[in-house]
Amino acid sequence: MVGFARIEKKWQKRWRDGKVFSSRINTKKKKFYNLEMLPYPSGTGLHTGHARNYSIGDAIARYKRMRGFNVIYPMGWDSFGLPSENEAIKRGVHPTTSIKQNITTFKKQMTAMGLSYDWDREVSTHNPEYYHWNQWLFLKLLENNLAYRKKTSGNWCPGCHTTLANEDVKEGLCWRCDSEVIQKDIEQWFFRITKFSNSLLKGLDKINWSNHLKSLQKNWIGKSEGIEINFKTESGKKIPVFTTRPDTLFGCTYVVLAPEHPLIKNLIAGTKFESKVNNFLNKLSKQNELERMSKDKEGLFIGKYATNPINGQKVPIFIANFVLMGYGTGAIMSVPAHDSRDYDFAKKYKIPIKNVIRNKNTQKNKSYSGEGTLVNSGKYSGLISGKARVKIETELVRKGLAKKKINYKIRDWNISRQRYWGTPIPIIYCDSCGMVPVPERDLPIKLPRVVDYNAPAKSPLDTNSSFVNVKCPSCNCRAKRETDTMTTFVDSSWYYFRYCDPKNVRAIFDKNKIGYWMPVDQYIGGTEHAVGHLLYSRFITKFLKKLGYVTFDEPFLSLLNQGMVNMGGSKMSKSKGNVIDPLDMVNKYGADTLRTYLLFIASPSTSFEWSDKDIKGIHKFLNKILDLPKLKLGFRKKEYIESLTQTKISVCTDQFDKLELNKVLIELMDFYSKIEKNPSKIALNALIKMVYPFAPHISEEVWEKLGNRTMLAKSSWPEPDKSKVNKKAEQSEDAIRKTVSDIKQILRITGRKAKQIYIYVIPPELKNYLSSSDELSSELNANVQVFASNDVNKIDPENKSKKAKPGKPGIYIQ
RNA sequence: GCACGAGUUCCAGAGCGGUCAAAUGGGAUGGACUCAAGAUCCAUUGGCUUAGUGCCUUCGCAGGUUCGAAUCCUGCCUCGUGCACCA
């Protein structure tokens with residue numbers, strides 16, 4: 001163990017001194033952009049999840065370098081944001097101070113883990129040189145009408161004192177602090193991500209992400225194609241409703257409006273329903289998000305009727321809590337026979353249920369929402385629903401009663417945060433000119449150092465008057481700055497571009513540099529960013545393409561979602577007190593052991609249960625690797641070892657390419673145990689090279705001890721030589737190993753001692769690959785003779801027991 | 001409810017048509033070494049057995065395809081993850 005620490009320090013120094021991992025554009029080499037998600041450097045240092053994430057990434061980076069790629073493997077810091085701000089407040093220091101300390105800790109720990117980052121490309125999002133370009137991006141979005149400000153009810157987290165994006169709200173709760181999110185009317189800035197809905201959806205088809213993740217994004221984007229049908233009130237007002245099932249239109253028995261629907265006031269004005277409806281609406285408005293989301297459907301008839309355009313039938317108009325103003329038109333046509341929600345509602349309020357789709361799977365007391373044959377549908381009766389859908393749609397559209405419509409669930413991205421520690425939004429409000437964007441030449445708008453958290457203010461920045469009060473850039477009179485800051489998800493939506501050109505002061509990046517390095521070939525991170533960061537990044541990339549800054553529109557070609565590390569059946573977390581500090585493990589067993597353990601225990605994408613015991617097994621294995629130079633080279637079984645080596649190289653390469661890193665390790669352990677008694681130089685070299693991406697320090701050490709002058713970090717992956725693969729040699733060796741162990745067992749159990757042992761093999765060529773008789777004799781402590789024949793019967797036909805089969809030796813013990 | 005994923009021997013986890021009672025690692029049991037512990041090494045780890053390589057039962061359950069299935073097909077069950085009144 002002590003030996004590991006010394007070796008690790010030694011190689012970390014050599015790598016650093018030799019600048020081995022710095023990356024430069026080299027158009028003669030194929031690039032490989034390897035990236036882990038931007039971490040927030042918390043005060044508690046690396047946790048096991050980080051350690052796993054980076055062990056995976058580093059193994060891939062080292063592997064790809066050996067495969068001859070020009071690898072870019074950078075690291076940086078998501079240093080702005082609420083957690084850093086809260087931590088700083090708690091510690092009573094300025095965030096700049098605490099974040100600097102945290103970054104230092106993180107870097108130190110990463111180095112201790114032996115991660116091969118190119119530190120020359122490091123970026124911190126809280127540096128003005130970085131957020132300058134956040135502001136620039138903002139202005140570009142504004143210029144292109146993709147950023148706008150709007151007063152609207154937004155998700156307000158009372159715990160974090162700020163608004164949140166839809167993506168930050170999980171089941172009505174804040175994703176960070178679990179406070180219940182309330183709706184509050186505030187002026188906020190939005191990015192028009194909805195403009196890219198379709199492109200975000202379509203782009204998923206061309207990237208190599210897991211189905212799971214793609215389905216999460218698809219679900220979030222929520223595309224649905226249908227039509228908007230106009231129902232008319234008695235007074236002639238149009239009520240457009242959105243439906244994906246116009247084929248069920250004849251089954252519509254009522255219409256429901258969302259409580260916020262603008263038409264309601266107009267409809268009930270002066271009627272006897274007015275006060276009743278208002279009371280109901282008041283009651284609903286008092287409900288919070290969670291209550292509103294509960295499954296109990298509540299509604300009220302408002303005393304008016306609407307006309308179904310397909311058959312002229314009058315149907316009652318209701319208002320109800322389950323209809324959402326934010327989706328579609330905020331009004332629905334209800335078909336209780338064929339929609340479960342409409343069915344529940346109709347049952348509760350005793351509204352007629354009219355069956356218009358017939359299908360043998362229909363159940364009593366339940367709605368049927370599948371396809372079938374139309375009934376009770378006038379001239380459309382008898383058609384199957386798919387066809388009817390098209391016909392009804394066409395007719396309504398032709399008559400001007402409906403129009404085709406595609407709806408998306410995704411909403412625009414709220415980027416305003418009423419917090420201090422973030423990028424200032426480059427906008428100035430002037431009494432005479434209105435809203436004025438800060439000119440590009442004035443960027444960056446630097447975040448002031450001082451704010452007063454105790455003074456009452458909309459945002460902390462409001463308390464710094466020298467920040468707030470400015471001259472209007474266009475008329476030069478007194479004006480005020482925007483005081484909200486941007487969510488850090490803006491920072492992290494483009495950082496991977498900046499790594500390619502991290503020190504550029506004139507532009508966000510140099511197009512040529514991006515042209516070489518981007519897009520990211522392998523992205524690695526947790527699944528928790530499925531609909532947040534990953535969606536925003538895709539959006540920003542698509543925007544940059546639109547501007548002509550880049551030529552591709554998907555930033556992450558391949559994505560690996562690593563699973564979680566659990567402890568006692570649940571996710572490790574400080575509140576549960578079940579945390580393993582990866583650095584403790586590094587101190588105890590060495591970085592190589594920790595890394596290899598994290599990669600061996602499960603395939604990167606699956607979650608696993610941490611076990612102290614398992615890590616010891618890995619430590620043992622690595623100690624054996626460290627002892628490789630002590631092994632005496634063997635000269636027997638040459639063909640077998642040679643063939644085995646080639647096979648292992650090709651299997652490991654395949655598995656590595658599939659990122660099944662645990663399987664590579666399994667193969668390597670197997671490889672070791674098969675060659676340890678009879679290693680050849682080639683086998684040893686191949687083994688050590690393939691262990692390197694997992695346990696780079698001890699591999700380098702062994703490599704050096706074996707007499708190599710160049711570092712493994714600069715050497716190449718063994719290429720499999722198919723011509724040397726000899727399946728027969730391998731199979732024979734496997735068979736003979738098994739036979740020998742059978743013989744040993746027989747002797748042990750029967751307590752006999754053998755003098756003479758005959759081994760029979762079929763076909764005779766097998767004999768060529770077997771261990772020699774001498775070798776077997778000494779192993780079995782008896783005189784061993786091997787016979788070979790092509791014919792089962794020729795091998796002592798009298799004795800049934802000698803049942804040699806092709807590839808399976810028979811034995812005879814005397 | 002919808003979507004995605006998974007069910008293998010004590011545990012984790014390979015195998016994905018024949019050489020599979022099933023890799024690898026843990027654990028357990030026995031043994032070697034040691035005054036002892038630890039470390040290390042060896043053996044065993046589904047059952048039977050007249051133990052000369054045999055037989056039986058196993059890879060969620062039930063069927064099917066095949067000379068042959070843990071591996072392919074169909075149906076079912078269970079578990080995990082995510083979204084969830086999106087019309």
Side-chain angles (χ1 to χ4, degrees), chain A residues 1 170-171 210-220 222-224 226 241-245 248 256 258 292-297 320-324 326-335 338-342 344-345 369 407-410 527-528 530-531 563-564 597 600-603 605-609 611-621 623-624 655 660 662-663 665-673 731-732 734-735 738-739 741-752 754 757-760 799-814:
Chain A
M1 287 181 205
K170 306 284 171 199
E171 291 180 38
S210 69
N211 284 340
H212 174 63
L213 211 103
K214 284 187 186 181
S215 87
L216 288 181
Q217 289 216 348
K218 271 183 198 160
N219 219 316
W220 187 259
K223 179 178 180 172
S224 64
V241 302
F242 176 74
T243 180
T244 54
R245 292 294 301 272
T248 64
V256 190
R292 193 86 192 252
M293 287 201 311
S294 76
K295 296 258 179 212
D296 264 350
K297 293 179 178 51
N321 62 346
F322 73 96
V323 176
L324 310 170
Y327 184 76
T329 62
I332 62 165
M333 59 173 234
S334 279
V335 185
H338 306 294
D339 180 288
S340 62
R341 293 153 302 172
D342 296 349
D344 294 345
F345 192 80
S369 56
N407 269 329
Y408 295 93
K409 280 198 264 183
I410 188 171
T527 189
E528 67 272 17
V531 292
M564 287 187 306
Y597 166 75
F600 171 72
I601 194 76
S603 114
S605 53
T606 29
S607 299
F608 70 87
E609 187 72 15
S611 149
D612 285 351
K613 284 172 182 159
D614 290 336
I615 201 167
K616 288 187 186 164
I618 296 297
H619 195 240
K620 249 193 259 183
F621 173 68
N623 270 315
K624 288 180 190 169
Q655 296 292 13
E660 297 284 2
N662 61 326
K663 293 176 195 170
L665 277 165
I666 287 168
E667 291 296 332
L668 291 175
M669 286 179 178
D670 188 48
F671 187 26
Y672 171 81
S673 68
Q731 284 171 352
S732 322
D734 289 349
K738 203 164 182 188
T739 306
S741 107
D742 280 345
I743 295 172
K744 281 187 182 166
Q745 181 158 4
I746 290 164
L747 294 176
R748 190 172 47 77
I749 288 168
T750 57
R752 281 204 271 152
I757 298 170
Y758 301 105
I759 297 179
Y760 301 89
N799 198 328
K800 284 188 293 188
S801 56
K802 295 162 204 158
K803 278 188 239 158
K805 292 178 200 162
K808 241 188 179 181
I811 53 181
Y812 180 50
I813 304 171
Q814 268 182 348

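Convention: sequence-line order gives letters A, B, ...; per-chain numbering from 1.
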Scan A:K409 against the nucleic acid and name what it touches under 4.0 Å (heavy atoms): base, sugar-phosphate only, or nothing. base

Taking the side chain of A:M669 as heavy atoms from C-beta outward, which of B:A87, B:G25, B:A23 is closest to it? B:G25

Tabulate atom names and distances for all N/O pairs under 3.5 angstrom spanning the protein and nucleotides 1-4 of chain B.
{"residue": "B:A3", "atom": "O2'", "partner": "A:S215", "partner atom": "OG", "Å": "3.4"}

Students often get this wrong, so: under 4.0 angstrom with heavy atoms, is A:G222 touching a base, only sugar-phosphate, or nothing? nothing

B:A23 -> Watson-Crick or G-U wobble partner, both distances under 3.5 Å, gives none

Could you tell me the separation between the CD1 atom of A:I410 and the CD atom of A:Q217, rounded to the nearest 0.5 Å? 8.5 Å

Taking the C1' atom in each of B:U49 and B:C55, what is the distance between them to the nearest angstrom? 8 Å

Which of the following nucleotides, B:G13, B:G15, B:C85, is nearest to the side chain of A:Q655? B:G15

Using the closest heavy atom to pick a nucleotide of RNA chain B for each, name whichever of A:W220 or A:F242 lands nearer the 5' end. A:W220

Any side-chain heavy atom of A:T527 sitting closer than 4.5 Å to one from A:L216? yes

Taking the same atom, C1', in B:U40 and in B:C33, what whole-Å distance lies between them? 9 Å

Quick one: is the NZ or CZ of A:K297 closer than 6.0 Å to the six-membered ring centre of A:F345, and within 45° of its axis? no

Nucleotide nearest A:D614 (side chain, heavy atoms from C-beta), chosen from B:G82, B:C85, B:G25: B:G25

pair_partner(B:A36), Watson-Crick or wobble, both distances < 3.5 Å, evaluates to none

Roughly how many Å apart are B:G54 and B:C20, using the P atom of each and rounding to a whole number? 13 Å

Once you apply a heavy-atom cut-off of 4.0 Å, does A:K624 come out as touching a base, just sugar-phosphate, or nothing? sugar-phosphate

Heavy-atom closest pair (A:A530 atom, A:L213 atom, distance to 0.1 Å) is CB-CD1, 4.1 Å

If you measure from CD1 on A:I601 to CG on A:L665, what distance do you get to the nearest 0.5 Å? 11.0 Å

What interatomic distance, in whole Å, is found between C1' of B:A69 and the corresponding atom of B:U8? 14 Å

Whom does B:U29 pair with, Watson-Crick or G-U wobble, provided both distances fall under 3.5 Å? B:A43

Does any part of the side chain of A:F600, heavy atoms only, come nearer than 4.5 Å to the side chain of A:L668, both counted from C-beta? no

For B:U9, what is the paired nucleotide under Watson-Crick or G-U wobble rules, both distances under 3.5 Å? none

Need one value for A:I332: base, sugar-phosphate or nothing, where a base atom within 4.0 Å counts as base even if backbone is also close, heavy atoms only. base

If each of A:E660 and A:R245 is mapped to the nucleotide of RNA chain B with the nearest heavy atom, which maps nearer the 5' terminus, i.e. the 5' end? A:E660

Pairing partner of B:G68, by Watson-Crick or G-U wobble and under 3.5 Å for both distances, is none

Among B:G82, B:G25, B:C85, the one nearest A:F600 by side-chain distance: B:G25

Can you check the A:Y327 OH to B:A84 C1' distance for me, whole Å? 13 Å

What's the gap between B:U57 and B:A22 when it is taken at their C1' atoms, as a whole Å value? 14 Å

Given B:C85, B:A87, B:C41, identify the nucleotide with an atom nearest to the side chain of A:K620. B:C41

Given B:C85, B:A14, B:A87, the nucleotide with the shortest approach to the side chain of A:V323: B:A87

To the nearest Å, how far apart are A:I618 CD1 and B:G26 C1'? 10 Å

Can you tell me, in whole Å, how much space there is between the P of B:G18 and that of B:U71? 12 Å

Return the nucleotide paired to B:C61: Watson-Crick means purine N1 to pyrimidine N3 with N6-O4 or O6-N4, wobble means G-U with N1-O2 and O6-N3, both under 3.5 Å. B:G75

Are the side chain of A:D670 and the backbone N or O of A:I666 linked by a donor-acceptor pair below 3.5 Å? no

Is any side-chain heavy atom of A:D342 closer than 4.5 Å to a side-chain heavy atom of A:M333? no

If I pick the C1' atom on B:C56 and the same atom on B:A6, what distance separates them, to the nearest angstrom? 31 Å

Pairwise P distance for B:U81 and B:A28, with rounding to whole Å: 30 Å

Do A:I618 and A:M669 touch side chain to side chain, with heavy atoms closer than 4.5 Å? yes

My understanding is that a pair needs two contacts under 3.5 Å, Watson-Crick or G-U wobble. By that rule, which nucleotide pairs with B:A84? none

Which nucleotide sits closest to the side chain of A:T244: B:A87, B:A23, B:G15? B:A87

